[in-house]
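Since the structure comes first, as structure tokens, the remarks are kept for the end.
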Amino acid sequence: MAFAWKAAGISYNRYIAVASRVVRRSLKEEKRIAAERRGESEIRFAKWDNGKQGEIKNLAEANAAASESAASS
């Protein structure tokens with residue numbers, strides 16, 4: 001069975017992020033504000049190569065850069 005997010009060529013995590021954002025934006029004003037605050041997070045990651053940690057990057061910034069490069073291609 002093919003999943004829509006796989007067919008679209010995005011990761012499951014990206015799919016969940018988009019779906020969460022859509023649900024938050026559909027809420028009434030007071031609930032939306034509270035949900036948006038809960039949805040904000042500061043996640044960082046680093047790529048490891050040959051047992052050495054690479055540069056630590058912010059996940060939100062890396063996703064935005066990847067989206068921009070995909071849109072320009």
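In this text, all values refer to a predicted model and were calculated from it rather than measured experimentally.
For the residue pair Ala46 and Gly54, the shortest heavy atom distance occurs at CB-O, 3.9 Å.
Two different hydrophobic clusters hold Ile10 and Val22 under the rule that ILVMFWY side chains link at heavy-atom gaps under 4.5 Å.
Applying the side-chain hydrogen bond (donor to acceptor under 3.5 Å, both in side chains) test to Gln53 and every residue at least two apart in sequence or in another chain returns nothing. A search for side-chain contact (heavy atoms from CB on, under 4.5 Å) contacts involving Ser11 returns Asn13, Arg14, not counting sequence neighbours. Looking at residues two or more places apart in sequence or on another chain, you find a side-chain hydrogen bond (donor to acceptor under 3.5 Å, both in side chains) between Arg32 and Glu29, Glu36.
Residue pairs meeting the salt bridge (charged side-chain N to carboxylate O under 4.0 Å, His left out) criterion with at least one partner in residues 44-62, sequence neighbours excluded, are Glu42-Arg44.
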